Amino acid sequence: MSVRRPTSMTRALVVGCLVAVPALTAAASTSVGAVAPVGGGRQQVSLRLPATAPARRVNAQWNAIAVRTIVSENLTPISVAPLYLSFSSIAMYDAVVAIRGGFEPYALRSRPAGARHASAEAAAVTAAYTVLKTYFPTSTANLDTNYAASLAQVPSGAARDRGVSVGQAAAQAIIDLRVDDGRDASVTLDTVPAPGVWRPTPPALAPMLVPWLGFVRPLVLRSPTQIALPGPPDLTSDTYTRDFREVKRMGAADSTVRTPAQTETALFWNDSSVAQYQAAMRGIAATRNLALVRGARMFAMVNTGTADSMISCWRTKYDQAFWRPITGIQLAGSDGNQDTRRDASWTPLVTTPPYPEYTSGHACMTGSVARGLSQLFGARHLDLDVSSTVTGTTRHFAKASDLNRQTMNARIWLGLHFRTAMEDGNQLGQRAAAYVARHEFQSTSG
């Protein structure tokens, strides 16, 4: 491993969709737009939330603001975005729990003075605002406008003032806790070309994106390597042969065996997984009519599990450094496997992102989201609506298993992953989410 400081271009490279929205005002609704990622043109779609919202909608409003701030305005890579979403979500959770109680706090371990008679709504928006402004100062103008609009919905007086103080304390607690946690460390992945070893993929031939993510201190897991995985299959194994043949047939840009329905499914998931899942959770908060505390807990638990799963996933990518299908198929003559056939002109349905193949980041994120929501609502009662700006459609998932199965297939049909990386990544995400649910955000009722 060699080290160098990431360039601004590397930090701004986002493999996935961006979220572009106008500034929010008190007179207007929250409008969140999403644009298509790799392989798709820029598109705009809006999700509208009432600007004058009751307390239970505060979580959704500031989640939408957080996605806009983190992903669109600051071009945070999709793999890193869950980390900052977790900071914002935890601050909101700690703020409302300090006032309303019911669950164990995460970072704010002592109750601030005056919390008993404070406005939980003012605390929640102040917590999110303070975290986002701290980490993304270039978005200050929009955040100031959003914050003023949110506070205007809370009656002025001592309760609001106390709520602001509680929110500031909750935000500062998570900010202090994450000092020197490894973000933006000078880490690069440098590999020697060899069979099975990752190398930059065309057309950009870019180095590994945000390799430092795998060395960040997790929020709940003990370390980035806590969750052990078997690793990619040996190049001469039956498993690798099976995986190779599947993605070569099903994931090729000019595949004649992938059906139109499978292509549509693949493209549906060629969107920003962050934007898709955060919007879906806002939908859950609305359809389940989650009160302020329970809504805050949902966002905090799921986003924290996802952040830890992405840290673990990126460390696995770094440590395993396994080649992508485009490389393995074009160089199959060098893999020592007599049952794989080289195709020097093979290309995937969409452009391969710049980081190693094992494990799949999309699978890690999906597994974590699915398991986190299952911990809260039951695996057979997910009732999740996910939309795609790429296809302009919405899909409903009644069960977590349906979501996991479809997304694992989709990334293979895009030509981006071998099946083993999808299955193991999904399991990593599920295990990270389960660990978070067992150790944090617990009820105080016993």
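It should be emphasised that the depicted structure is a prediction, and the values quoted were computed from it without experimental measurement. Values below: all heavy atoms of this structure, side chains included; hydrogens, waters and symmetry mates excluded.
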Enquirer: With a cut-off of 6.0 Å (strictly less than), are more than 12 heavy atoms of other residues, nucleotides or ligands near CZ of Arg438?
Expert: yes

Enquirer: Distance-only, no hydrogens or angles: does the Ser88 side chain make a donor-acceptor pair with backbone N or O of Ala66 under 3.5 Å?
Expert: no

Enquirer: Centre-to-centre under 6.0 Å for Phe418 and Tyr358, is that the case here?
Expert: no

Enquirer: Could you check if a side-chain atom of Lys248 sits within less than 4.5 angstrom of a side-chain atom of Thr340, using non-hydrogen atoms only?
Expert: no

Enquirer: Which distance, rounded to the nearest 0.5 Å, do you find between the CG of Leu428 and the SG of Cys364?
Expert: 4.5 Å

Enquirer: For the residue pair Thr239 and Ser237, confirm or rule out a side-chain donor-acceptor distance under 3.5 Å.
Expert: no

Enquirer: Measure the spacing between CZ of Arg395 and CG of Leu384 and express it to the nearest 0.5 Å.
Expert: 13.0 Å

Enquirer: Do Asn303 and Ser89 meet the criterion of a side-chain donor-acceptor pair at a distance under 3.5 Å?
Expert: yes

Enquirer: Will you find, in the side chains of Gln276 and Trp269, an N or O donor that is under 3.5 Å from an N or O acceptor?
Expert: no

Enquirer: Any side-chain heavy atom of Ile311 sitting closer than 4.5 Å to one from Phe215?
Expert: no

Enquirer: With distance as the sole criterion, is a donor-acceptor pair present between the side chains of Ser345 and Asp343 under 3.5 Å?
Expert: yes

Enquirer: Using a distance-only test with no angle check, is there a side-chain donor-acceptor pair under 3.5 angstrom linking Arg419 and Asn409?
Expert: yes

Enquirer: When rounded to the nearest 0.5 angstrom, what distance separates CD1 in Ile70 from CD1 in Ile65?
Expert: 11.5 Å

Enquirer: Is it true that Tyr355 and Trp314 have ring centroids separated by less than 6.0 Å?
Expert: yes

Enquirer: Before you tell me yes or no, could you show the steps for Thr407 and Leu403 under side-chain contact (heavy atoms from CB on, under 4.5 Å), namely the whole-Å CA-CA distance, both residues' side-chain angles and the distance that decides it to 0.1 Å?
Expert: CA-CA 6 Å; Thr407 52; Leu403 177 65; 4.1 Å; yes

Enquirer: Is a side-chain donor-acceptor pair under 3.5 Å present for Thr394 with Asp385?
Expert: no

Enquirer: Please confirm whether the ring centroid of Phe136 lies under 6.0 Å from the ring centroid of Tyr84.
Expert: yes

Enquirer: For the residue pair Asn74 / Thr138, report whether a side-chain donor-acceptor contact shorter than 3.5 Å exists.
Expert: yes

Enquirer: Count the heavy atoms of every other residue, nucleotide or ligand shown that sit under 6.0 Å from CZ of Arg242, and state whether that count exceeds 12.
Expert: yes

Enquirer: Tell me the closest heavy-atom pair linking Ile412 and Val247, and the distance in Å.
Expert: O-CG2, 3.7 Å

Enquirer: Can you tell me if CG on Asp180 sees more than 12 non-hydrogen neighbours from other groups inside 6.0 Å?
Expert: no

Enquirer: Between the main-chain N or O of Thr130 and the side-chain N or O of Thr134, is there a donor-acceptor pair closer than 3.5 Å?
Expert: yes

Enquirer: Decide yes or no for Thr69 and Thr76: does some side-chain heavy atom of the first lie under 4.5 Å from some side-chain heavy atom of the second?
Expert: no

Enquirer: Looking at every non-hydrogen atom in both residues, tell me the closest pair between Arg294 and Leu290 and how far apart they are.
Expert: O-CD1, 4.4 Å

Enquirer: So how far is it from Asp424 CG to Thr359 OG1, rounded to the nearest 0.5 Å?
Expert: 7.5 Å

Enquirer: Any donor and acceptor pair, going by atom type alone, linking the side chain of Ser86 with main-chain N or O of Leu83 inside 3.5 Å?
Expert: yes

Enquirer: Could you check if a side-chain atom of His381 sits within less than 4.5 angstrom of a side-chain atom of Lys399, using non-hydrogen atoms only?
Expert: no

Enquirer: Without hydrogens or angle criteria, can the side chains of Tyr129 and Ser150 be said to hold a donor-acceptor pair below 3.5 Å?
Expert: no

Enquirer: Determine whether Leu189 and Pro207 make a side-chain contact, defined as any pair of heavy atoms from C-beta on separated by less than 4.5 Å.
Expert: no

Enquirer: Kindly indicate whether the side chain of Val192, heavy atoms from C-beta on, has any atom under 4.5 Å from the side chain of Val197.
Expert: no

Enquirer: Are Tyr93 and Phe299, when compared by the centres of their aromatic rings, separated by less than 6.0 Å?
Expert: no

Enquirer: Considering non-hydrogen atoms only, spot the tightest contact between Asn59 and Leu292 and give its length.
Expert: ND2-O, 3.0 Å

Enquirer: Quick check: closest heavy atoms across Ile326 and Pro202, and the distance to 0.1 Å?
Expert: CD1-CG, 3.7 Å

Enquirer: What are the two closest heavy atoms between Thr265 and Ala410, and how far apart are they?
Expert: O-CB, 3.9 Å

Enquirer: When you check the side-chain N and O atoms of Arg315 and Thr225, is any donor under 3.5 Å from an acceptor?
Expert: no

Enquirer: Asp144 vs Lys133, test: salt bridge (charged side-chain N to carboxylate O under 4.0 Å, His left out). Steps then yes/no.
Expert: CA-CA 9 Å; Asp144 285 350; Lys133 188 174 178 178; 3.4 Å; yes

Enquirer: Within this structure, what is the CZ-OH distance for the pair Phe87 and Tyr106, rounded to the nearest 0.5 Å?
Expert: 8.0 Å

Enquirer: Would you call Asp335-Arg342 a salt bridge at under 4.0 Å N-O?
Expert: no

Enquirer: Whether the side chain of Thr352 engages the backbone of Pro348 through a donor-acceptor N/O pair (distance < 3.5 Å, no angle test) should be reported.
Expert: no

Enquirer: Assess the side chains of Asn426 and Arg431: does a donor N or O sit below 3.5 Å from an acceptor N or O?
Expert: no

Enquirer: Under 6.0 Å from the CG atom of Asp238, do we count more than 12 heavy atoms belonging to anything else shown?
Expert: no

Enquirer: I want to check something: taking the side chain as every heavy atom from C-beta on, are Tyr147 and Val125 in contact at a cut-off of under 4.5 Å?
Expert: yes

Enquirer: Has the side chain of Asp308 got a donor or acceptor atom that lies under 3.5 Å from a matching backbone atom of Val220?
Expert: yes

Enquirer: Would Met92 and Val58 count as a side-chain contact (heavy atoms from CB on, under 4.5 Å) if you check the C-alpha gap in whole Å, the side-chain angles of each, and the deciding distance to 0.1 Å?
Expert: CA-CA 10 Å; Met92 293 186 74; Val58 165; 3.9 Å; yes

Enquirer: When you check the side-chain N and O atoms of Arg371 and Gln375, is any donor under 3.5 Å from an acceptor?
Expert: yes

Enquirer: Between Asn337 and Thr241, is any side-chain donor less than 3.5 angstrom from a side-chain acceptor?
Expert: yes

Enquirer: Restricting to non-hydrogen atoms, name the atom on Lys317 and the atom on Pro356 that form the minimum distance, rounded to 0.1 Å.
Expert: NZ-O, 2.7 Å

Enquirer: Do Gln338 and Thr236 pass the side-chain contact (heavy atoms from CB on, under 4.5 Å) test, and can you show the C-alpha distance, the side-chain angles, and the key distance before you say yes or no?
Expert: CA-CA 8 Å; Gln338 296 182 351; Thr236 59; over 6 Å; no

Enquirer: Do side-chain atoms of His439 reach the backbone of Tyr435 as a donor and acceptor pair under 3.5 angstrom?
Expert: yes

Enquirer: Does a side-chain heavy-atom distance below 4.5 Å link Arg68 with Leu143?
Expert: yes

Enquirer: Can you check whether Met365's main-chain N or O pairs, donor with acceptor, with Ser368's side chain at less than 3.5 Å?
Expert: no

Enquirer: Within the side chain of Ser139, is there an N or O that forms a donor-acceptor pair under 3.5 Å with the backbone of Asn142?
Expert: no

Enquirer: Can you list the steps and then say if Tyr277 with Thr366 is a side-chain contact (heavy atoms from CB on, under 4.5 Å)?
Expert: CA-CA 8 Å; Tyr277 289 139; Thr366 298; 2.7 Å; yes

Enquirer: Looking at Phe103 versus Phe441, is the centre-to-centre ring distance below 6.0 Å?
Expert: no

Enquirer: Rounded to the nearest 0.5 Å, how far does CD of Gln330 lie from OG1 of Thr201?
Expert: 10.0 Å

Enquirer: Are the side chain of Ser273 and the backbone N or O of His362 linked by a donor-acceptor pair below 3.5 Å?
Expert: no

Enquirer: State whether the side chain of Thr126 and the backbone N or O of Gly167 hold a donor-acceptor pair below 3.5 Å, judged by distance alone.
Expert: no

